[in-house]
Amino acid sequence: MAVTNWEISDLQGSKRRKARETRVRLVVFMAALASIVISVLIIGSLIFEAYNFITSVDLARLWDRGWFPRRDRFDLRTLIVATLWVTVIAMLVAAPLGMAAAIFLSEYASPGARKILKPVLEVLAGIPSVVLGFFALRFINPTLVRSWLEDANSSGNMIAAGIGVGILTIPLVASISEDALSAVPNALREASAGIGARKLTTTVSIVLPAAISGLVAAFIIATSRAIGETMVVFIAGGAADSALFAANPADQGLTMTAAMASVAAGTDEVAGSGNAFSALFFVGTILFFVTLLLNVIADRVVRRYRLEY
Amino acid sequence: MNIEQNLTSELGESLESAEEGDMRITEAAEAAGSSTMASDGVADAAAEENPTVLAMRDLSVYYGSFRAVRDVNMDVRDNEITAMIGPSGCGKSTVLRSINRMNDLIPTARVEGDLRFHGVDLYDPKVDPVEVRRRIGMVFQKPNPFPKSIYDNITYGPKIAGTPKSEFDAIVEKSLKRAALWDEVKDRLSESALGMSGGQQQRLCIARAIATSPDVLLMDEPCSALDPIATGMIEDLMQEIKTRYTIVIVTHNMQQAARVSDRTAFFTAEVDGANDRRTGLLVEYDKTEKIFSNPADQRTENYVTGRFG
Amino acid sequence: MAVAHPTDVDTARVAGISDSLRRRRDVRGSLFKAAMALSLVISLGILAVLLFIVITDGWTVLSTRLGSFLTGTLRPDAMDAGISQGLKGTFYLCLIVAFVAFPLGIAAAIYLEEYAPSNRLTSFIQLNIRNLAGVPSVVYGILGLAIFVNEFDLLDGKFGIGAITGGRTPLAGGLTLSALVLPVVIITSQEAIRAVPSALREAGFGVGATKWEVIKDHILPYASPGILTGTLLSLARAAGEAAPLLLVGTITGFLSNSPGWFDVTQVQDKFTAMPTLIATWVTQPEEEFKIDNASAAIVILILFVILLNSAAIILRNRFEAKRSG
Ligand SMILES: Nc1ncnc2c1ncn2[C@@H]1O[C@H](COP(=O)(O)OP(=O)(O)OP(=O)(O)O)[C@@H](O)[C@H]1O
Ligand SMILES: [Mg+2]
C-alpha cells in the first residue's frame, strides 16, 4: 500500500454534520438562557409594578393597622407578623420531626427498612399543599388546636396553618438532613466505635457535628419554603382577603403569600385596577428577596459541607 | 462472576477458532517472518523503511499551565506496531490521545509543536477532529462497548459517517473476522454486547474501531483488564491486522512490547525546572530489538532490565 | 453498610472478663433510638391520618355519584357539581408543561453538562437556576399574571404575548407552571447526564461521532431513566400547584363552558384546574362543598399525584440499583 501525502481536505469532515453541530449548540444554549430570561422577567415585572405601588400609595398606609387592600390599607406589619408566626410554628414542627426522622433513617434503620421508608417519605413530599390546607382546616384546627386553645378562631388561625405548613415541610427537612448525615464518612463512625463509644455518643458527638452545615442548610431551605408556602395559609389561616392586625397566633392571620393569593382570588377579575393590584407585586417583591436571601445563604452553607468531604 | 468458568470457556473458544484458522496462523507466521527479514534488510540500508504515517516534532502537551509531556520527536511508520512504554504518569496516554485529538475533549488540554498525519497538520484549524477520530481509531484500557447489540456496536461508526445501510452486513462480517471474533458471535449478533466476556468485549471494541476503515489504531493498555488467554488472543490479532493498519500501543507489560512491537518508544518523567511537577519526555525511540537488547540511554536500560523504581 | 456496632466492640474486648459489664443495658441509647423512630412514625402517621380523613370525608360522593362527579361541571348546586373542568384544565396544563418545560429543561441541562465552557456566564446560569428553584410558587404566579396574562406595559405589548395566550387561559397557566418546574427539570436532568460514565462518551467520540451524535445516541439513552424521574416529579408538582394559578386567574366561581376533552381551543379559553377547584370548594360555606365535594376531589388529585411520584421514585431506585449492582 503506497502512502502518499494527504490533503487537508481529507480531514475536513462533513459540512452538513458540522453545520448541525453549530445549530444544536445554539439551540441548547438558548434553552439555558431561557432560565435567565425567566429571572429577568420575574424581577422586572415585580419591581416595575412594585415601584408603581410605592409611588402611588400614601406611605403612611403601609404601617396602618390591618390589611384591607380594597380600602387602600396596606399594613405590612399585619402580614409580617402572620408570616413570622406561621414560619416559626412550622419550623417548630418540621425541624425536630424531620431531623429526628433523618437521624433514624441514616443511623439506625436497617438497610431494608430504609429502602422502604425513604421512598415513602419522598412520595409524601409530593402531596399538594391544597390538601394540607384542607387537613389543617378540617382536622388540625378543631382536633388539635381548639382542644387546648378553646378561643382559637374556628374558621382557621395561624397555629393551625403553621402546623399544616410544618407537616408539609417535614419530608423536605428529612430528605436534606438525611443526605447530609449519610455524607458523613463511615470512617468517622468506625473510629468512634473503635474507641468504645456507644452509638448514642457517636451519633450526637461525632456524626451530628460533622453534618452540621448540611443540617443548617436543611433548616434554612425549609424556612424559606415555609415563608413561601401559600395555599395552606390561604385555606386554614382563617382570613379572607383582608385581616385586622393580630399578634396572637390563635387568631386569624394573613401571611404575605396568602395576601397575594387573596387579592387575586377575591374576584374572578384579577387584573382589577388600582392599588390592590399593585400591592400584589409589592408584597411579591418583598417575598422574592427574603426567600432569595435565605436560599443564597443555604447555598453557601451547602457548598461548605460539600467541600468538607 | 465465576472466573474459572470464564477462563475455560475462553480457552474452549480459542481452541475452536485455532482449529479452523490454521491457514490464518501460517499466514501470520509468514508475515512475521517476512517483516523480520525486512527489518534485517533495513539494518543494512535505512532507505528500505516503511513510509511515515505520523510525524511528531517537538510535541508538548499541556493541561492548563502544567506541561504533562515535552519535546516528543517520533515517526510512526506504516504497517508497523509501535509500542509506548514508561513509568506511570510519564504522558503515554497524553501523547496517544493527542494523536486522534481525544484530548480536545479535555477543556484545559493544549498541544504545542507539530503533529502530522500523512503530511497534514492534525492541529490545523481547518481539520475536523471528528474526521480525525474516524481515520485514527482508538481502543481503550477498559473494554467499553456501547450498551447495544453486537451488530449495532459495529455499525455505529459507519452509520454516523453516512455509509449506506446495504453495506452494513458486509462491514460487520469483515470487521468481526479481522478481530477474530466472527466465529464466536456470528449466531448472536443481535444480543447485547454487555453479555460478552471481557476479552470478547475488547475484541469487539477493536472490530468497532476497524469498522470505520481507519488508517491507524491507537490502543491504550488494551490488555490490562484481561486475563492472559484473552491477552494472547489480542496480541495475535494485532500481528494479523498490522498488515492493514498502523498500530500504536501503550503498554505497561514489557514482554508484551517486546513480543508484539516493531519499534518501541521509552518515556519517562522528570522534574521540569520551573515547578516541581514531573513532566514526561521521550527518552529513546528505536527498533524494539535495539531498545530491549542494546539501548543507547542508561535510563532505558534501567527500565527495561527492571532496575527502575 | 458495615458500621461496627459499638456493642460488638465491647463484646470482643471484655469477652470472658466481666459478664456484668457486657450485660449492662444502654438505657439512654435505647431511649434516643426510640425517640428518633417515634418521630419518623409520627411524620408518616400524620400523613396516614390525612389520607384516612380525606377518604372517609370523600366517601359519600365517591361511592354514590362517582360518575356524575367526574363528568359534572362547576355548579352552584353541590349535589350535582362535578370536577370535569378541573380534570380537563389539569390535563391541559400538564400537556403544556410536557411540551414546553421538558424539552427546554433537558436542552438546558445538555448545554450545561456537555457544551458549557467553565466561565462566568456558565456559573451565573447555574447559580440562577438554583435560585429559581427556591422562588416561592406564588411569585411565579406574578410572572404569569404580568407577562403571560396581561399585555404588560413594560413590554408595551410588542411581543403580543398576551394576545397569544388570550389572557387567563390554560396556555398562560401552563407557561407559568412550565417556568415553575423548569429549574427542577434542569437540575434532575443534569444529575442524570452527569452520571453517564465517561467510558461511554469516549467510546462514541472514539469512533468519530460528533458531540451531538454522542449525546443523542449514547448519553441521552443512558440518562433517560434519570431524566424521566425528574420530569415525572415535576409533572406531579405542576398538577398539584394552586397558588400560581390563582394569580394567573383560574375561574374560582362557577364555570359554565365545558368543551370536550380533546377540544384544543380550550387552551385559549377560561379554565379551572384541580388544585384551584379544591381551594375554591374548601373555602365555600356549605358543608357539601367544603367537605364532601372537596375531599372527593382531593382523593382524585392525590391519587394522580402519588401515582406519578411513585412511578418516578420506583424508576429511579431501579435505575440506581442497576447502576451499583
Ligand atoms: N485531564 C487531565 N488534567 C490534568 N492533568 C492530567 C489529565 N490527564 C493526565 N494528566 C496528568 O498528565 C500526566 C501524564 O498523564 P498520562 O495519563 O498521560 O500518563 P500515562 O503515562 O498514561 O500514565 P499511566 O501509565 O498511569 O496510564 C500526569 O501527571 C497526569 O496527572
Ligand atoms: Mg495511561
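By convention in this document, chain letters (A, B, ...) are assigned in the order of the sequence lines, proteins followed by strands, and residues within each chain are numbered from 1.
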Do A/Glu122 and C/Arg316 pass the salt bridge (charged side-chain N to carboxylate O under 4.0 Å, His left out) test, and can you show the C-alpha distance, the side-chain angles, and the key distance before you say yes or no? CA-CA 12 Å; A/Glu122 282 170 324; C/Arg316 191 197 59 202; 3.0 Å; yes

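- If you measure heavy-atom distances from A/Ile167 to chain C, the contacts under 4.5 Å come from the side chain alone.
- Contacts of C/Ala209 with chain A are made by backbone atoms alone, with heavy-atom separations under 4.5 Å and no side-chain atom involved.
- The part of C/Leu121 that comes within reach of chain A is its side chain, from C-beta onward, which places non-hydrogen atoms under 4.5 angstrom from that chain.
- No side-chain donor-acceptor contact under 3.5 Å links A/Thr255 and A/Thr83.
- Residue C/Ala236: no heavy atom, backbone or side chain, is found under 4.5 Å from chain A.
- Among A/Ala32, A/Gly228, A/Gly13, the residue making the largest number of heavy-atom pairs under 4.5 Å with chain C is A/Ala32.
- Interface residue C/Val138: backbone and side-chain heavy atoms are both found under 4.5 Å from chain A.
- Of the two parts of C/Arg237, neither the backbone nor the side chain holds a non-hydrogen atom closer than 4.5 Å to a non-hydrogen atom of chain A.
- Options A/Ile43, A/Asn295, A/Thr230, A/Val123 differ in how many heavy-atom pairs under 4.5 Å they form with chain C, and the most are formed by A/Val123.
- Heavy-atom pairs under 4.5 Å with chain C were tallied for A/Ile170, A/Leu200, A/Val28, A/Thr257; the largest tally goes to A/Val28.
- Salt bridge status for C/Glu114 with C/Lys211: absent, with no side-chain N to carboxylate O gap under 4.0 Å.
- Only the side chain of C/Leu132 comes within contact range of chain A, judged by heavy atoms closer than 4.5 Å.
- With a 4.5 Å cut-off on non-hydrogen atoms, C/Glu241 does not touch chain A at all.
- For a residue to count as touching a neighbouring chain, one of its non-hydrogen atoms must lie under 4.5 Å from one of that chain's; by this rule C/Leu31 does not touch chain A.
- Only the side chain of C/Leu127 comes within contact range of chain A, with at least one heavy atom under 4.5 Å from a heavy atom of that chain.
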Verify side chain to side chain contact (heavy atoms under 4.5 Å, CB included) between C/Phe32 and A/Thr203, making sure each step is shown before the conclusion. CA-CA 10 Å; C/Phe32 181 73; A/Thr203 305; 4.1 Å; yes

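- Once rounded to the nearest 0.5 Å, the distance linking CG of C/Asn293 with CD1 of C/Ile278 reads 11.0 Å.
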Determine, step by step, whether C/Ile302 and C/Leu50 satisfy the side chain to side chain contact (heavy atoms under 4.5 Å, CB included) criterion, reporting the C-alpha distance in whole Å, the side-chain angles of both residues, the deciding distance to 0.1 Å, and the verdict. CA-CA 11 Å; C/Ile302 286 192; C/Leu50 183 158; 4.2 Å; yes

Would you sort out whether C/Val185 and C/Ser189 count as a side chain to side chain contact (heavy atoms under 4.5 Å, CB included), showing the intermediate values? CA-CA 6 Å; C/Val185 176; C/Ser189 304; 4.0 Å; yes

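- The part of A/Arg20 that comes within reach of chain C is its side chain, from C-beta onward, which places non-hydrogen atoms under 4.5 angstrom from that chain.
- Within 6.0 Å of NZ on C/Lys33 lie no more than 12 heavy atoms contributed by other residues, nucleotides or ligands.
- Between chain C and the residues A/Arg138, A/Met260, A/Arg25, the largest count of heavy-atom pairs under 4.5 Å involves A/Arg138.
- Heavy-atom pairs under 4.5 Å with chain A were tallied for C/Ile298, C/Asn309, C/Ile142; the largest tally goes to C/Ile142.
- For C/Leu182, the part lying near chain A is the side chain, with the backbone staying farther off; criterion is any non-hydrogen pair under 4.5 Å.
- Applying the side chain to side chain donor-acceptor pair (under 3.5 Å) test to C/Ser178 and every residue at least two apart in sequence or in another chain returns nothing.
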